[in-house]
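The structure appears right after this line, and notes come after that.
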Amino acid sequence: SKFIIQHNILIGKFGIGPLLETLFNRNTKDRLFLDIKYANRNFAKKFNKFIKNIEKGKIKICGSDWKTISDICHLNGFEAYYTIRSKKAWQKLKKSLPYLKKPNGVSIHYGLINKNLIREIRRVTQNIQIWAWTVNSTSEFQRLEKLEVDGVITDNWQRLPI
């Protein structure tokens, strides 16, 4: 089945945002998909300390610092989704995969997604999920749906024909 998630800023450049704490509750812990844009080693330490005493669920985490995302997910049993911002980044990720936690998926800028890229990603990564970001137009949503992406990240899910 397809999924759509609302894109919001919960974690800022300066650390853990106050809204993040409210997300870790019984109703949402199995549906969280956190986009950690500014992940680095320092952030990972703070984040791991923050979630140490929180009941965890099936949480998805994506970000561009694949090593940090890999470490956070490995330590906490989360699902790793590696962000791909360019074709060059995809080439780099392919080379890095042996050194990272096996990803559950990738998060790719919607403009990069085409039939050939989807085929290559699924072949190289053994059929992981492909999520597109940030999709805000109906026509783009429909194009990606035809390409069979697994999910989209949006700024306004109410505008999309779900």
Side-chain angles (χ1 to χ4, degrees), residues 1-25 27-40 43 47 57-70 72-73 78-97 100-162:
S1 67
K2 302 289 179 194
F3 296 95
I4 296 178
I5 61 172
Q6 180 72 30
H7 202 215
N8 281 315
I9 298 172
L10 298 174
I11 303 172
K13 285 185 179 183
F14 304 108
I16 312 269
L19 292 177
L20 184 60
E21 202 167 324
T22 65
L23 292 178
F24 287 89
N25 64 58
N27 297 323
T28 60
K29 69 180 176 65
D30 290 325
R31 297 182 292 154
L32 289 177
F33 193 127
L34 302 176
D35 183 0
I36 306 179
K37 289 181 178 12
Y38 303 104
N40 57 34
F43 174 85
F47 186 77
K58 190 177 176 183
I59 297 169
K60 297 170 177 60
I61 296 185
C62 72
S64 298
D65 184 333
W66 308 316
K67 179 67 174 135
T68 299
I69 298 301
S70 177
I72 289 171
C73 291
F78 296 157
E79 295 182 9
Y81 284 71
Y82 301 130
T83 300
I84 301 170
R85 297 181 181 276
S86 66
K87 290 179 183 179
K88 186 177 179 180
W90 166 239
Q91 298 306 318
K92 184 178 176 183
L93 178 59
K94 282 195 302 188
K95 292 176 185 172
S96 301
L97 283 171
L100 302 170
K101 179 182 186 330
K102 182 183 181 303
N104 296 83
V106 291
S107 168
I108 306 174
H109 185 273
Y110 74 90
L112 298 173
I113 299 174
N114 60 43
K115 190 180 237 178
N116 291 334
L117 181 62
I118 288 177
R119 189 178 305 122
E120 181 181 6
I121 290 170
R122 295 203 194 277
R123 179 181 54 78
V124 168
T125 60
Q126 301 164 352
N127 268 347
I128 62 170
Q129 289 190 6
I130 298 173
W131 287 64
W133 55 269
T134 301
V135 180
N136 290 321
S137 79
T138 298
S139 61
E140 194 58 41
F141 176 82
Q142 291 168 337
R143 180 185 80 83
L144 294 165
E145 190 173 38
K146 287 178 186 171
L147 290 173
E148 298 181 354
V149 299
D150 298 289
V152 298
I153 300 169
T154 183
D155 290 323
N156 192 348
W157 65 270
Q158 294 93 340
R159 290 186 186 168
L160 299 179
I162 55 173

### Heavy atoms from other residues, nucleotides or ligands near NZ of Lys102 exceed 12 (cutoff 6.0 Å)
yes

### Message
Rounded at 0.5 Å granularity, tell me how far CD1 in Ile113 sits from CD in Glu148.
### Response
13.0 Å

### Query
Atom CG of Leu97 and atom CD1 of Ile128: how far apart are they, to the nearest 0.5 Å?
7.5 Å

### Message
What I'd like to find out is whether the side chain of Gln91 reaches to under 4.5 Å of the side chain of Lys94, using heavy atoms alone.
### Response
yes

### Task
Kindly indicate whether the side chain of Ile69, heavy atoms from C-beta on, has any atom under 4.5 Å from the side chain of Thr83.
no

### Query
With side chains defined as the heavy atoms from C-beta onward, is the minimum distance between Tyr82 and Thr125 less than 4.5 Å?
no

### Task
Kindly compute the distance separating CG (Leu112) from OH (Tyr110), expressed to the nearest 0.5 Å.
10.0 Å

### Task
Test side chain to side chain contact (heavy atoms under 4.5 Å, CB included) on Phe47 and Leu34 and set out the steps.
CA-CA 12 Å; Phe47 186 77; Leu34 302 176; 4.1 Å; yes

#### Entry: Close side-chain approach of Lys115 to Leu147, heavy-atom, < 4.5 Å
yes

### Query
Counting distance only, does the side-chain N/O of Thr154 pair as donor-acceptor with the main-chain N or O of Val135 below 3.5 Å?
yes

### Task
Look up atom CG in Asn116 and atom CD1 in Ile121, then write down how far apart they are to the nearest 0.5 Å.
11.0 Å

### Query
Would a 4.5 Å heavy-atom cut-off, applied to side chains only, mark Ile130 and Leu117 as touching?
no

### Query
How many angstroms lie between NZ in Lys101 and CD1 in Ile72, if you round to the nearest 0.5 Å?
12.5 Å

### Query
Does some side-chain heavy atom of Trp90 sit less than 4.5 Å from a side-chain heavy atom of Ile108?
no

### Query
Measuring from Phe78:CZ to Lys60:NZ, what's the distance to the nearest 0.5 Å?
12.0 Å

### Query
Below 4.5 Å, heavy atoms only, C-beta onward: do Asp35 and Ser107 meet side chain to side chain?
no

### Message
I'd like to check Asn104 versus Gln129 (side-chain heavy atoms, cut-off strictly below 4.5 Å). Are they in contact?
### Response
no

